[in-house]
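Have a look at the structure below before the remarks.
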Amino acid sequence: FIPMASRRGGVSLPDKLSNNSSSILTKISRSSIVTRNKEAADDAAFITKKLLRSIGKAAWITGTTFLVLVVPLIVEIDCEQQLNDLELQQANLLGTPAPK
């Protein structure tokens, strides 16, 4: 145990609040406005958590679908374009008309 007098820096608070200030804090914390605000904050946090979870699921589905369907299509289109370029280059070297 470290006595209060030996502590350095900071602000030391009294060990116990006086009865008057304690009862005021109790009345304020139990008031209907504070209670309703706490409930509203809890509801907002719950809705935000569900919304973020739903957005995460949607992002996962979108990203996975893109990888499974769109990326192979892009690779195939690129391979087809390279094949067409190669045929055109060979046709130019041989002096024959390019296939269409």
Side-chain angles (χ1 to χ4, degrees):
F1 176 74
I2 300 173
M4 291 292 284
S6 67
R7 287 181 59 195
R8 291 185 177 194
V11 176
S12 60
L13 297 173
D15 290 337
K16 191 173 186 180
L17 294 172
S18 67
N19 277 341
N20 190 21
S21 62
S22 176
S23 65
I24 291 173
L25 290 176
T26 303
K27 286 180 185 178
I28 291 173
S29 65
R30 291 183 182 169
S31 73
S32 63
I33 294 173
V34 172
T35 305
R36 279 186 283 165
N37 285 340
K38 284 182 182 179
E39 289 173 0
D42 288 342
D43 291 344
F46 177 74
I47 291 171
T48 302
K49 186 177 178 181
K50 286 187 81 170
L51 181 64
L52 288 175
R53 187 175 295 151
S54 297
I55 290 172
K57 287 180 183 179
W60 171 259
I61 291 170
T62 303
T64 305
T65 303
F66 181 79
L67 287 175
V68 170
L69 298 177
V70 178
V71 171
L73 179 65
I74 291 171
V75 170
E76 185 62 33
I77 290 172
D78 187 49
C79 287
E80 184 70 28
Q81 182 63 41
Q82 287 179 1
L83 183 63
N84 288 341
D85 290 344
L86 181 64
E87 288 177 355
L88 183 62
Q89 186 180 18
Q90 286 177 349
N92 285 338
L93 287 175
L94 296 174
T96 59
K100 291 190 179 188

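Reckoned from all heavy atoms, side chains included, excluding hydrogens, waters and symmetry mates.
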How far does [atom1] of [X] sit from [atom2] of [Y], to the nearest 0.5 angstrom?
| X | Y | atom1 | atom2 | answer |
| --- | --- | --- | --- | --- |
| I24 | K27 | CD1 | NZ | 7.5 Å |
| E87 | L83 | CD | CG | 4.5 Å |
| T62 | L67 | OG1 | CG | 11.0 Å |
| D78 | E80 | CG | CD | 10.5 Å |
| R53 | I55 | CZ | CD1 | 12.5 Å |
| L51 | F46 | CG | CZ | 12.0 Å |

Looking only at side-chain N and O atoms, does Q89 offer a donor or acceptor that is under 3.5 Å from a partner on D85?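 No, no side-chain donor-acceptor pair sits under 3.5 Å.
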
Quick one: closest heavy-atom pair of I28 and V34, and the distance?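 I28 and V34 have their closest heavy atoms at O-CG2, 3.2 Å.
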
List the atom of V68, the atom of P72, and the distance in Å for their closest heavy-atom pair. O-CG, 3.3 Å

Name the one of V71, L69, I77 that satisfies side chain to side chain contact (heavy atoms under 4.5 Å, CB included) with L73? I77

Counting only heavy atoms not in I33, do more than 12 fall under 6.0 Å of its CD1?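 For I33, atom CD1 is not crowded (no more than 12 foreign heavy atoms under 6.0 Å).
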
